[in-house]
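Single-structure report; data block below.
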Amino acid sequence: METIATLRELSGAKALLALKCFATWGVFDFMRDYMDGTTSSSLNEVRLGHERFGKETHAYSVAYADYEIDEVISHADKIIFNSIGQLTRFADRASGITRGLRLNPGVSSSSFDLADPARPFSRLGEWDLAKVEPVMDLVSGFMIHNNCENGDFELFDRMLGQIEEKFGPLLRRAEWVSLGGGIHFTGEDYPLEKFAERLKRFGGEYQVQVYLEPGEASITKSTTLEVSVLDTLYNGKNLAIVDSSVEAHMLDLLIYRESAKLLPSDGPHRFMICGKSCLAGDIFGEFNFDQELKVGDRISIQDAAGYTMVKKNWFNGVQMPSIAIRELDGSIRTVREFDYADYEQSLS
Ligand SMILES: Cc1ncc(COP(=O)(O)O)c(C=O)c1O
């Protein structure tokens, strides 16, 4: 949070929490002092941002429905449409708040096709300057999200240059530009001052208020998923089954074929940490431990805040992890526990 506050100060950019990544509102009272507000991907998120976080509330969605647009507008001070079709359809109804459009520069930092906004035939934003120019009187700014877990400042800088080249004439007519999320500027060794200078220069060149929408960067290394060993087996490898499930609680690990993170250990005991759902590949990863794992041992899965609590599900009826907050003084407060009624009510 302090890194974000420093960046805002150095660059003049505003930082909005991307609720799609992290929406655990029990800590919004703490985060609010360091950020300018929230951005959203749906009616539910924009309402949560408005009611639980406050400050600036940006609305964005890949597509809004007729039946929800008025409620979306009632919670937002800015609405960013994903397409010219959505913009022209809802422009009048949104005329009381700031309106914007998502642009797609056709370049991204994603190496994973599934998460690449610039993938061929992408539906995420408008590409064609000639089509956007005629609707310029309906918008005062743009959102461009084309970074993805990008910890490489030079790459960010290069892509921003390409954006300027492609969309320069539009940017000159804008009052604000959001550069989206996906920039790993809170990571260790990220050149924060260079980044701030680049944002400030961009804002100055086009005379726009710059926004960032950090999701992952807001909560990196803030959270652990605490699991306990329920059983151990040996099937050619040491296996430990824990009281959680990758598919239910850390779905992105499956989607992006990644391993969970544990604190480094080069101990002699290697174990595969497995989830308790029926999915054969429900595996957190393989790690070294100082001691052989046994039933009841506790394991802390690191860096577990992003795209976890917002995606968790009741697959196999696996018990949801409780949500607990560790206060600055070290004390731990459980703020939410889930029970059978939550499971039952999620189904009918
Ligand atoms: C429009 C937009 N803004 C912000 C974000 C947040 O990205 P991240 O969590 O990688 O910072 C995303 C992620 O997909 C996004 O699509």
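All ligand and atom numbering here is 1-based and tracks the order in the structure.
- The two atoms that bring Ala5 and Tyr34 nearest to each other are CB-CD2, 4.1 Å, heavy atoms only.
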Go through the steps for Lys276 and Asp243 under the test salt bridge (charged side-chain N to carboxylate O under 4.0 Å, His left out), then give the verdict. CA-CA 6 Å; Lys276 64 172 283 179; Asp243 56 351; over 6 Å; no

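- Close N/O approach between Tyr307 and ligand 1 is found [any backbone or side-chain N/O within under 3.5 Å].
- The protein heavy atom nearest to atom 11 (O) of ligand 1 is Gly182 N, 2.8 Å.
- Here atom 15 (C) of ligand 1 lies nearest to Lys20 when heavy atoms of Lys20, Glu213, Glu149, His184 are compared.
- Regarding atom 12 (C) of ligand 1, its nearest protein heavy-atom neighbour is His145 CE1, 3.3 Å.
- By the side chain to side chain donor-acceptor pair (under 3.5 Å) test, Tyr60 pairs with Asn82, Arg102, sequence neighbours left out.
- For ligand 1, the atoms closer than 4.0 angstrom to any heavy atom of Glu216 are 8 (P), 9 (O), 11 (O).
- A donor-acceptor contact closer than 3.5 angstrom is absent between the side chains of Ser42 and Asn44.
- With Val242 as the partner, the side-chain contact (heavy atoms from CB on, under 4.5 Å) test is satisfied by one option alone out of Leu293, Val227, Asp297: Val227.
- For Lys78 and Trp176, the positive end sits near the middle of the six-membered ring, less than 6.0 Å away and at most 45° from its axis.
- Near Met143, with a cut-off below 4.0 Å to any heavy atom, the atoms of ligand 1 are 1 (C).
- An N or O contact shorter than 3.5 Å links Gly215 to ligand 1 by distance.
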